[in-house]
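Notes to accompany the following structure.
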There are 2 protein chains.
Amino acid sequence: MPENKLNSDTRERILDVAERQFMAHGFEGTSMRMITSMADVNLAAVNYHFGSKESLLCEVFRRRLTWLNRERLRVLDALEQQAKGSPLKPSQILEAFFGTLMRIGEDESLGGMTFLRLLGRTLTDPAEFIRAFFASEYAEVLERYKLALFRALPDVPKAEIVWRLHFMLGAMSYAIAGTDILHVITGHGIGDISGKEEDSRSEAKKLSARLMPFLLGGLRAALPQFAETSKQKQVPLAKTARNQPQEKQP
Amino acid sequence: MPENKLNSDTRERILDVAERQFMAHGFEGTSMRMITSMADVNLAAVNYHFGSKESLLCEVFRRRLTWLNRERLRVLDALEQQAKGSPLKPSQILEAFFGTLMRIGEDESLGGMTFLRLLGRTLTDPAEFIRAFFASEYAEVLERYKLALFRALPDVPKAEIVWRLHFMLGAMSYAIAGTDILHVITGHGIGDISGKEEDSRSEAKKLSARLMPFLLGGLRAALPQFAETSKQKQVPLAKTARNQPQEKQP
DNA sequence: GCCTTAATCAAACGTTCGTTTTAATAATAG
DNA sequence: CTATTATTAAAACGAACGTTTGATTAAGGC
């Protein structure tokens with residue numbers, strides 16, 4: 001039985017091209033013929049090596065998410081160990097979760113901004129098989145971080161934390177997807193998608209530095225007041241609550 | 001020349017069905033045959049009345065966005081007029097922009113949660129014609145609100161405000177799209193998409209009450225510090241800046 | 001009455017898609 | 001060398017898609 005030879009070169013080339021094409025045009029917008037022709041392999045190669053187009057996308061993700069999941073758990077473990085039983089600070093948890101993700105954008109061998117953008121785009125494209133895939137891939141990590149947040153913010157209702165985690169994931173997806181309506185606001189794009197790979201590192205760093213305080217501010221914001229009975233007036237708007245949950249400082 | 005008769009009934013029925021199907025399955029995932037059969041019209045009816053599938057989606061949006069744009073400008077105008085030249089509070093601006101959107105979810109005649117979810121889903125599905133459409137539809141409103149935020153937060157760099165506006169749009173899109181990985185966190189879904197229309201109002205109200213403080217907290221969060229020179233250590237994470245930009249209280 | 005026009009209908013068109021099939025090629029093991 | 005296996009190559013398949021065509025119906029205007 002022959003081992004890999006340089007045939008795995010074909011596999012890797014397909015994965016690299018698919019990652020870039022899925023990022024640029026989305027899953028539906030990328031055809032097998034685009035992928036195979038740009039990777040200089042036969043049309044049937046994808047089905048031979050990966051079984052189907054859907055499995056190819058999953059493999060593109062698995063290649064990167066394996067590192068991400070392990071690293072996220074590793075950092076959280078290290079933080080909790082050095083905290084010796086006391087709850088972590090919310091900023092630490094966010095840095096471990098979102099900061100670890102951002103590090104992918106800084107390192108081309110981990111996928112770089114190409115993979116980050118693909119991730120952001122795919123997370124908001126809820127094809128059924130994709131949702132199922134991410135659900136199983138993320139289950140363990142999300143559970144761990146959710147519990148850490150519960151402990152870090154004991155005064156905030158758990159349902160509220162879950163919702164805010166949800167909002168944070170949304171802001172993050174948008175932030176790393178990049179291909180948005182931001183150019184409408186600024187009058188010009190954030191920067192071409194097919195920009196220079198050179199400053200992919202610094203781009204990811206800046207993005208991370210901007211996103212992190214935003215997420216933390218949202219996470220620790222005032223709790224909502226559910227005034228179900230009183231109708232709020234139209235223009236003189238209702239004031240938001242002022243009972244800020246304070247961050248635990250161990 | 002005959003006027004509308006009750007033929008416009010066909011148009012409306014197509015729009016209603018298309019709105020719901022695009023929401024549930026996305027643009028690519030919804031076929032013309034699905035739409036026309038559910039609307040009990042002939043397959044050719046869509047092309048006859050709207051020209052193409054893409055034009056149909058645009059018309060589905062235009063029907064709702066006309067109100068949204070006008071209302072957003074009206075509320076902002078009213079706020080600025082009653083402020084008599086002094087800058088608005090960030091919370092007022094967010095309430096005018098995002099709160100107005102959320103009111104659509106509370107009113108079935110404005111589109112309800114169905115339209116909100118469609119909007120959230122579509123905003124993150126950057127097909128080219130969709131981005132072009134939203135760019136032109138949102139240009140004026142976003143420009144006005146951007147300027148209002150600049151005035152409301154004079155101590156925050158304008159680029160930073162633009163980025164945070166971007167993050168806020170991401171959190172909002174995710175929040176109203178709903179079909180996310182939140183069920184992974186909670187262990188069960190937020191609620192079925194095809195849920196009861198009865199409590200669509202209260203659902204939108206609760207969502208708004210939860211999202212708004214989050215956005216405001218993120219908008220007013222600590223400014224990032226760009227420590228380009230010093231490499232941050234791995235596990236003992238760098239602290240975030242503490243120079244909070246304070247909200248102007250006129 | 002007839003003409004014009006709007007609207008609906010059944011049927012087909014041409015394309016693109018993911019996938020499969022069948023054959024040919026290269027490499028290894030016995 | 002031969003047999004076996006892994007990979008590539010060319011071609012076609014069948015289904016689904018958005019769209020178009022041409023006939024048919026219904027409704028005013030004159």
Side-chain angles (χ1 to χ4, degrees), chain A residues 1-61 118 122 125 127-130 132-133, chain B residues 1-61 118 122 125 127-130 132-133:
Chain A
M1 54 208 77
E3 68 254 63
N4 274 342
K5 303 183 302 179
L6 76 162
N7 303 350
S8 62
D9 179 44
T10 298
R11 262 185 69 102
E12 285 294 316
R13 212 160 60 243
I14 291 176
L15 285 175
D16 288 340
V17 169
E19 184 173 70
R20 179 164 296 272
Q21 293 303 109
F22 284 147
M23 179 272 286
H25 309 107
F27 179 73
E28 313 265 10
T30 302
S31 70
M32 305 277 274
R33 288 163 177 84
M34 288 170 60
I35 297 173
T36 52
S37 69
M38 296 191 73
D40 258 318
V41 299
N42 190 266
L43 173 59
V46 169
N47 290 86
Y48 175 78
H49 282 283
F50 301 96
S52 69
K53 186 187 178 187
E54 294 192 355
S55 298
L56 170 61
L57 179 67
C58 290
E59 195 54 39
V60 166
F61 277 111
L118 170 62
T122 309
D125 183 350
E128 199 45 46
F129 83 98
I130 294 179
F133 173 77
Chain B
M1 56 205 77
E3 68 253 65
N4 273 340
K5 303 182 301 178
L6 76 163
N7 304 350
S8 60
D9 178 46
T10 297
R11 263 184 67 102
E12 284 296 314
R13 213 160 59 242
I14 290 177
L15 285 174
D16 289 339
V17 170
E19 183 173 70
R20 180 164 296 271
Q21 292 304 110
F22 284 147
M23 179 272 287
H25 309 107
F27 179 73
E28 314 264 9
T30 302
S31 70
M32 304 278 272
R33 285 162 179 85
M34 288 171 60
I35 296 173
T36 52
S37 70
M38 296 190 74
D40 258 319
V41 299
N42 189 267
L43 173 59
V46 169
N47 291 88
Y48 176 78
H49 283 284
F50 302 96
S52 70
K53 187 188 179 187
E54 294 192 354
S55 299
L56 170 62
L57 180 67
C58 290
E59 195 53 38
V60 166
F61 278 110
L118 169 62
T122 309
D125 184 350
E128 199 45 46
F129 83 97
I130 295 179
F133 173 76

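A note on names: the letters A, B, ... follow the listed sequences, proteins ahead of strands, and every chain is numbered from 1.
Across every non-hydrogen atom of B:Ser55 and B:Phe50, the tightest pair is CB-O, 3.1 Å.
The shortest distance between the side-chain N/O atoms of B:Asn47 and the OP1/OP2 oxygens of D:dG18 is not below 4.0 Å. Distances shown here put a side-chain N or O of A:Thr10 below 4.0 Å from the OP1 or OP2 atom of D:dT8. Distances shorter than 4.0 Å separate some side-chain N or O of B:His49 from OP1 or OP2 on C:dT8.
For the pair A:Arg33 CZ and C:dG18 C1', the computed distance is 7 Å after rounding to whole Å. The nearest whole Å value for the distance from the CG atom in B:Asp40 to the P atom in C:dA10 is 11 Å.
Among the nucleotides C:dT21, C:dA12, C:dC17, the one closest to any side-chain atom of B:Leu43 is C:dA12.
Among the protein residues, B:Ser55 comes within range of no part of the nucleic acid, since none of its heavy atoms lies under 4.0 Å from any strand. At a threshold of 4.0 angstrom between heavy atoms, the contacts of A:Thr30 are confined to the sugar-phosphate backbone, with no base atom among them.
Comparing B:Val41 and A:Glu28 along DNA chain C, the residue whose closest nucleotide (by nearest heavy atom) sits nearer the 5' end is B:Val41. Of the residues near DNA chain D, A:Asn42 and B:Lys53, the one whose nearest nucleotide (by heavy atom distance) lies more toward the 5' end is A:Asn42.
Side-chain contact between B:Asn42 and B:Tyr48: absent, with no pair of heavy atoms (C-beta onward) separated by less than 4.5 Å.
Under the 3.5 Å distance criterion, the side-chain polar atoms of A:Ser37 are matched with a main-chain donor or acceptor of A:Met34.
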